[in-house]
Amino acid sequence: MTDRIETLAVHAGAEPDELSGGVSPAIQMSSTFKQDGVGKPRDGYEYGRSDNPTRRRLEAAIAALEGGTHGFAYASGLAATQNLLYLLDPGDRLLMSDDAYGGTWRLADKVWARYGVQTDAVDLRDLDALAAALASGPPARMIWIETPTNPLLKLVDISAVVRLAANAGALTVVDNTFATPYLQRPLGLGADVVMHSATKYLAGHSDVISGLLATRHPDVAERLRFHQNAAGAVPSPFDCWLVMRGMRTLAIRMERASQNAAHIAEWLTGRPDVTRVYYPGLADNPQHELVELQMRLPGAMVSFELAGGEAKARKVAEATRLFTLAESLGAVESLIELPAAMTHASVAGSPLEVPAGLVRLSVGIEAVEDLVADLEHAFRA
Ligand SMILES: *Cc1c(COP(=O)(O)O)cnc(C)c1O
């Protein structure tokens with residue numbers, strides 16, 4: 001078709017319904033499918049866990065958006081992650097971004113550790129540290145990259161990690177939840193698999209929990225397809241439809257939210273009561289150049305710390321009116337939260353622990369003047 005994301009987001013997987021011509025594709029809810037003869041399913045559809053027409057559309061859409069050949073949909077981002085970790089065997093080692101999503105770390109470190117998979121956290125910004133981690137200990141089978149990371153918004157040079165991983169024979173996975181294919185396309189930079197919590201920007205409206213994977217490797221795809229069916233953490237057809245409906249506006253939402261975030265990051269930087277702003281797009285951010293190298297825009301997540309520390313941070317987060325105090329991110333409405341007490345409580349005491357007074361904003365698509373006024377008001381609390 002094209003490889004422009006704006007067009008793909010609207011059209012990929014969303015061809016008009018074959019039977020009725022419905023421009024918004026029908027949702028196929030059936031859990032089972034009539035066969036034309038014994039063992040002769042139509043179009044490969046047998047049973048709803050194994051495959052479903054609505055899910056197939058979503059899987060085609062994420063494959064197209066990420067420049068992959070195969071897409072996979074799951075009941076949540078963590079179900080997608082779980083499905084990827086089935087590629088590992090007991091004795092295998094996983095290297096993970098030291099600022100990865102708390103739930104990803106918990107799944108690896110608390111669940112997979114019991115089955116003999118060892119996970120080590122590495123600051124993947126530091127390529128020497130990665131090389132040292134690859135050179136010591138049991139061989140690493142997989143490197144889990146998150147960029148930008150959650151909630152400190154560190155960037156990882158995807159191509160550089162891919163090169164080191166290739167020499168070591170490790171598979172590279174990129175959690176592309178924060179960037180989305182509109183801002184960054186990891187498969188084109190050499191990554192093996194892209195993972196999404198589609199709950200966030202792809203669906204974009206805080207109304208569905210969903211996970212997606214995309215890859216170009218037929219052999220990896222075959223194993224993922226097998227485990228998707230064997231383990232069964234599949235999404236409902238309605239959820240698949242909701243994600244696709246959200247994805248159609250991905251480009252304009254990301255564009256507007258990123259613009260708003262850049263404005264707010266600048267505004268925060270100018271305030272005497274803010275001690276530190278985490279936003280890769282700021283000119284004085286040491287990783288500013290990586291944005292140019294691998295991203296279209298720096299994204300719509302902003303974190304910061306206040307002179308008044310954790311106590312002040314709590315007050316601000318409870319005083320905003322437009323920014324809703326809530327976990328999650330990536331939707332049309334702006335959200336505010338304290339990661340240490342909320343989203344990242346599960347990583348307290350681990351190498352992934354975050355500053356207690358850190359405030360994280362998921363900047364939405366509202367008028368930026370209103371968002372700034374809301375923060376200004378809350379800062380006086
Ligand atoms: C939310 C999130 C996940 C987990 O996805 P769920 O849909 O909540 O299961 C994984 N990675 C990142 C970066 C996230 O923000």
Side-chain angles (χ1 to χ4, degrees), residues 1-36 40-75 80 176 180-188 193-205 207-218 221-222 224-225 228-229 234-255 296 330-332:
M1 194 195 294
T2 166
D3 64 356
R4 293 194 182 89
I5 304 292
E6 295 87 339
T7 308
L8 286 174
V10 174
H11 291 283
E15 298 78 15
D17 198 66
E18 272 182 24
L19 273 180
S20 66
V23 168
S24 171
I27 305 172
Q28 175 54 267
M29 290 299 287
S30 195
S31 61
T32 187
F33 298 86
K34 180 180 187 304
Q35 306 203 5
D36 291 329
K40 287 188 188 147
R42 289 181 205 173
D43 237 353
Y45 298 115
E46 296 169 348
Y47 181 59
R49 173 168 23 81
S50 317
D51 204 354
N52 163 283
T54 312
R55 190 174 96 203
R56 211 185 262 187
R57 284 175 177 274
L58 173 59
E59 292 179 336
I62 192 59
L65 281 171
E66 289 289 5
T69 49
H70 298 77
F72 303 90
Y74 302 89
N176 206 27
T180 81
Y182 184 68
L183 302 185
Q184 166 176 288
R185 294 176 95 195
L187 298 183
V193 184
V194 170
M195 175 265 159
H196 279 281
S197 169
T199 311
K200 317 294 168 51
Y201 289 103
L202 292 180
H205 295 74
D207 54 13
V208 60
I209 301 286
S210 171
L212 297 170
L213 300 177
T215 182
R216 287 180 183 171
H217 290 296
E222 197 182 317
L224 292 175
R225 186 67 73 201
Q228 182 191 39
N229 181 50
V234 295
S236 80
F238 181 61
D239 286 356
C240 293
W241 184 87
L242 273 176
V243 174
M244 264 193 301
R245 194 266 242 309
M247 274 166 61
R248 296 177 92 166
T249 53
L250 178 70
I252 53 169
R253 285 188 288 105
M254 290 311 289
E255 194 69 41
R296 185 197 294 239
V332 288

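Worth saying up front: this structure is predicted, and the values here are computed from it rather than measured. No hydrogens, no waters, no symmetry mates; every other heavy atom, side chains included, goes into these values.
With sequence neighbours left out, Glu6 forms a side chain to side chain donor-acceptor pair (under 3.5 Å) with Arg296. Residues passing the side chain to side chain donor-acceptor pair (under 3.5 Å) test with Gln28: none are found, sequence neighbours excluded. Residues passing the side chain to side chain donor-acceptor pair (under 3.5 Å) test with Gln184, sequence neighbours excluded: Asn176. Partners of Glu222 under the salt bridge (charged side-chain N to carboxylate O under 4.0 Å, His left out) rule, at least two apart in sequence or in another chain, do not exist in this structure. Ser20 meets the side chain to side chain donor-acceptor pair (under 3.5 Å) test with Asp17; sequence neighbours excluded.
Of the inter-residue distances, the one linking Arg42 atom CZ with Asp36 atom CG reads 4.5 Å to the nearest 0.5 angstrom. In this structure, Thr249 OG1 and Glu255 CD are separated by 13.0 Å, a value rounded to the nearest 0.5 Å. Rounded to the nearest 0.5 Å, atoms OH (Tyr201) and OG1 (Thr180) are 8.5 Å apart. The CZ atom of Arg49 lies 5.0 Å from the CG atom of Asn229; values are rounded to the nearest 0.5 Å. Atom CZ of Arg55 and atom OG of Ser50 lie 7.5 Å apart (nearest 0.5 Å). Remark: Phe33 CZ to Asn52 CG distance equals 5.0 Å, nearest 0.5 Å.
The minimum heavy-atom distance between Leu250 and Ala9, with the atom names listed, is CB-CB, 4.4 Å. Scanning both residues, Ala63 and Gly71, for their nearest heavy atoms gives CB-N, 3.7 Å. Here the closest heavy-atom approach between residue His70 and residue Ala221 is recorded as CG-CB, 3.4 Å. Shortest non-hydrogen contact noted between Pro181 and Glu66 is CD-OE2, 3.4 Å. Pairing each heavy atom of Ser31 with each of Tyr47, the nearest pair is O-CD1, 3.2 Å.
When atom types are taken as modelled, the side chain of His205 and the backbone of Ala203 share a donor-acceptor pair closer than 3.5 angstrom. Judged purely by atom type and a 3.5 angstrom limit, Trp241 has no side-chain atom pairing as donor or acceptor with the backbone of Leu58. Checking side-chain atoms of Gln228 against main-chain N and O of Ala73 turns up a donor-acceptor pair under 3.5 Å.
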*asked:* Would Glu15 and Arg57 count as a side-chain contact (heavy atoms from CB on, under 4.5 Å) here? Give the steps.
replied: CA-CA 9 Å; Glu15 298 78 15; Arg57 284 175 177 274; 3.9 Å; yes

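The shortest side-chain heavy-atom distance between Glu46 and Asp51 does not fall under the 4.5 Å cut-off. Within the 4.5 Å cutoff, no side-chain heavy atoms of Met29 are placed close to those of Thr54. Inter-residue side-chain proximity for Asp3 and Arg185 is flagged as met; some heavy-atom pair is nearer than 4.5 Å.
For the residue pair Tyr182/Arg253, the side-chain donor-acceptor check at 3.5 Å is not satisfied.
Just one of Val208, Asp207, Thr199 meets the side chain to side chain contact (heavy atoms under 4.5 Å, CB included) condition when paired with Val243; it is Val208.
Of the charged side-chain nitrogens involved, at least one lies within less than 4.0 Å of a carboxylate oxygen, so that Arg225 and Glu59 count as a salt-bridged pair.
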Quick one: side chains of residues 210-217, donor-acceptor pairs under 3.5 Å with protein atoms, not counting sequence neighbours, listed by atom name and distance.
residue: Thr215; atom: OG1; partner: Asp192; partner atom: O; Å: 2.8
residue: Thr215; atom: OG1; partner: His217; partner atom: N; Å: 3.1
residue: Arg216; atom: NE; partner: Gly67; partner atom: O; Å: 2.8
residue: Arg216; atom: NH2; partner: Gly67; partner atom: O; Å: 3.4
residue: His217; atom: NE2; partner: Asp192; partner atom: OD1; Å: 2.6

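Cation-pi check for Arg56 over Tyr45 is met; the charged atom lies under 6.0 angstrom from the ring centroid and within 45 degrees of its normal.
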